[in-house]
Amino acid sequence: MDERDIRELIAQVKAGRLSRRAFLHTMLGLGLTAPLVGQMLASVGIASAQPKSSFTPTRRGGGGLLKTLWWQAPTLLNPHFATGTKDQDASRIFYEPLGSYDPDGNILPVLAAEAPSLQNGLVAKDGLSVTWRLRKNVVWHDGKPFTADDVVFNWEYAMDPATAAVSIGQYRDIARIEKLDTHTVKIVFKTPTPFWSAPFCGPTGMIVPKHLFEPFKGAKSREAPTNLKPVGTGAYRFVDFKPGDIVRGEINPRYHVPNRPFFDQIELKGGGDAVSAARAVIQTGEYDYAWNMQVEDDILTRLEQSGKGRIDVALGGNIEHIQLNSTDPWTEIEGERSSIKTKHPFLTDPAVRQTLNLLVDRGAVQEQIYGRTGIATANFLNAPARVQSKNTKWEFNVDKASQILESSGWRRGSDGIRAKDGKKLKLVYQTAINAPRQKNQQVVKQACAKAGIEVDIKSVTASVYFSSDPANPDTYSHFSTDIQMYTTTMTQPDPQRFMDQFTSWEVASRENKWQGRNITRWRNEEYDRLWKAAEAEMDPVKRAALFIKMNDLVIQHTVVIPVVWRPRVAAISNKLRDANQSGWDSDFWALPYWSKQG
Amino acid sequence: MAVPALVGISLVLFTVLALAPGDPFEELATNPNVPAEVRQNLRVQFGLDDPVPVRYVRWLTSMVRGDWGFSFVSRVSVDALILQRLPTTLFVLGSAQLLGLLIALPVGIFSAVRPYSLFDQVATTLAFIGFSLPTFFTGLLFILLFSIYLDWLPFIYRSDIDASGLRWMWESLKQGLMPIAVLGLFQGASLTRFTRSAVLDVIRLDYVTTARAKGLSEGATIVKHVVRNALIPVVTLVALQVPAVFTGAVITEQIFRVPGIGSLLIGAILSNDTPVVMAITFVFSCLVVLFNLIADVIYGWLDPRISYR
């Protein structure tokens, strides 16, 4: 699919022949993100659908206590220090961004008065700036007004290296922020920025008050009392927080949306395990909402039979995939294994790569291991058949795999293992310790054995595997084996950052202490060129076409073998309304609108 | 004696933790939004890139000055984190320990007084069942029975109950009941066996026969002459278990989501939060040393023949 095809589809959406949802699913199937799709539609003037709320309250409050469960407990409540979604979600109870992303990727204005776009002139045509008009009736929980100064301050706060803010990545492309008046800011970027909503929107865009954080900017950031006692603009005010245990809030009587929120108090209890959290929501009804149900689908289905709750599956960009090493993990060059100065003895053979792709039985993995929580995929999602190109379709076929190997000269030896030029097809396959992953390894190992490839399985404790320790060869970024499998997460709404994991300058190596994002060490000039073009392309449709091409390149060269797409799964009480996840934003993206049936 | 022992313990603990693989910022590593420099920066700021001996000396000197350091993960001082969890831990584990003793002492003594009676046999059987079932199993069993089938008790422990007075006490009791019972029964079971054998050893001695021959009542013989002597080994065992009250019960706390020190410890270990792990384990070793001393003092009181010169 190229630019012309996409324009054709957009025209159909505009004419009403194709639903917005169908278009979105098609684009997701090509590896794009919903926010990018929202941008494409907005660029041709298709208005975003306003979120529908199933309950229109006539007054604020009256809903009692909302009980939510996060099986990983939040440890801090400063969004600029949030190391994981647990902290971002807990902070989101009290703090708000300028805009949230809804399930279709539209920007839903929160602290902003309206979403900027090319049409309303708030986004500059050259992509160098975006202007945000802020809501005027917003006050912080302590009564001080929310103004443009707060927005400017958040950028300065995050950018100060001594603050050690984790959110710095969202803000470092900003050259300066101009305060046009008390409630208008103009964000000026260093280079043309097609995805201008990265700063101040979504899970990492929450804004903290200047008047309380200013004395604690820089090296003193750790001492701010507001790190643990947030004062925000959100629908709930802070009551109590115990790190690693519980967060409590109460209704904000001056919340800027009339007649919201519905609940009088909110509680976020952390800790425990995912299965019992699912039980507390779906089976016993003790709680209303539980985050991130990493539970086998069998168990969830059984729990759902009690009728008190259900699971919500949201589109997202997380994908469980197998990476094929382009370099030789078994030869050490200057103290570095998998150095880019080497070439893998047989994984560089396209026939072997193609064979491996045929030997991953994604259907069995989905059916027997993940169920509703993992969907077999050829690239990023199973797109509707009419747009799915031939080269990104998955197939499981041991005979065909054997044939390909046979015809390219890999012959079976006396031990049943294929070899060519004295090189044996023996692989080491590593992943993190996690029950579904070990089952998945077995599925692949058995299929490979049938085709004459010997697979040795290696499992590493997750805390070691995902660590950044430069001295440990067992981390995923050292990639000291032939193939490896893990889930890469696409939390950010724009694919640019996500796709840099195949660019040649991101190769993980000793030089960058294995912090590079390109783990497979695959390098391709055309890919690099496309990536750079996408970075500066202002037309969202052209940009989308570039991403699709990049994705196709990766799949054609079998750089990685996608296995299952991992949607986000939450458990929701049947009585709770409007609590569906966005998939592109925090679970609490629409918290002020949640309500409960009596 | 105690001080060099504690320094040695802390040195070993620190070295082991420093050599263990992992990184407190691993969550940042897999997040493409976070540039690698941020992680490097944090490592430098928190002094993680310094050599281990330097880090140890820094830790020791600040510990001596009463500064426990701060958690890498929540950026909160460690002492604040521990103090926050102490009341819950003491309530749940203290009550469990007390429950265990309340069951073990009478049952154990009574069993020993009438060995091989029906009561003894029932008690022995139950005790064996009690300590062969691990707490994670009984915990799940209790949840299944009392929370899911009967729906009597909540299985998620909340440290903030929005009530006061009697209602608060009732709610705390309701949610504490299962974890306390699970831990208490487990403790009680092994203590019962221990008390029984200790009393049985003493009750056959000649001086007990003499006491009975003097015409002392059975009650007075048991309480004043038998139990007092038999308790010495029991005191040792209980004294060694008291520090465990402080560190919490990792597994039980995880099952019932009790926000105690055990769950803080396991969370800290999983996220490689060295200052928190160090503080908890170090306090634990201090308590072990301290309670050994206390046990020695109590021996002297129970048996005046034991004295320290």
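So that the names make sense, note that chain A is the first sequence line, chain B the second, and so on, each numbered from 1. No hydrogens, no waters, no symmetry mates; every other heavy atom, side chains included, goes into these values.
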Which portion of [X] sits near chain B, non-hydrogen atoms under 4.5 angstrom:
{"X": "A:Glu223", "answer": "neither"}
{"X": "A:Tyr287", "answer": "side chain"}
{"X": "A:Ala73", "answer": "neither"}
{"X": "A:Thr487", "answer": "neither"}
{"X": "A:Gln501", "answer": "neither"}
{"X": "A:Asp240", "answer": "side chain"}
{"X": "A:Arg222", "answer": "both"}
{"X": "A:Lys242", "answer": "both"}
{"X": "A:Ser276", "answer": "both"}

What pairs with A:Trp70 under side chain to side chain donor-acceptor pair (under 3.5 Å), at least two apart in sequence or on another chain?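 Scan of A:Trp70 (side chain to side chain donor-acceptor pair (under 3.5 Å), adjacent residues dropped) gives A:Asp89.
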
Only counting residues at least two apart or in another chain, list the ones meeting side chain to side chain donor-acceptor pair (under 3.5 Å) with A:Glu506.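 Result, side chain to side chain donor-acceptor pair (under 3.5 Å) vs A:Glu506: none returned.
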
List the atom of B:Pro259, the atom of A:Lys269, and the distance in Å for their closest heavy-atom pair. CD-NZ, 3.9 Å

Any chance you could measure [X], atom [atom1], to [Y], atom [atom2], to the nearest 0.5 Å?
{"X": "A:Asp273", "Y": "B:Arg257", "atom1": "CG", "atom2": "CZ", "answer": "5.5 Å"}
{"X": "A:Arg279", "Y": "B:Ile156", "atom1": "CZ", "atom2": "CD1", "answer": "11.0 Å"}
{"X": "A:Thr75", "Y": "B:Asp273", "atom1": "OG1", "atom2": "CG", "answer": "8.5 Å"}
{"X": "B:Arg158", "Y": "A:Arg248", "atom1": "CZ", "atom2": "CZ", "answer": "7.5 Å"}
{"X": "A:Leu77", "Y": "B:Ser74", "atom1": "CG", "atom2": "OG", "answer": "10.0 Å"}

Quick one: what part of B:Phe155 sits under 4.5 Å from any heavy atom of chain A, side chain, backbone, both or neither? both

Using only non-hydrogen atoms and a strict under-4.5 angstrom cutoff, which residues of residues 166-179 of chain B touch chain A?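 So far as heavy atoms go, nothing in residues 166-179 of chain B approaches chain A to under 4.5 Å.
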
Which members of residues 79-87 of chain B, sorted by number, sit under 4.5 angstrom from chain A on a heavy-atom basis? B:Leu81, B:Gln84, B:Arg85

Can you tell which of A:Ile246, A:Asn78, A:Asp87, A:Asp245 has the highest number of heavy-atom pairs within less than 4.5 Å of chain B? A:Asp245

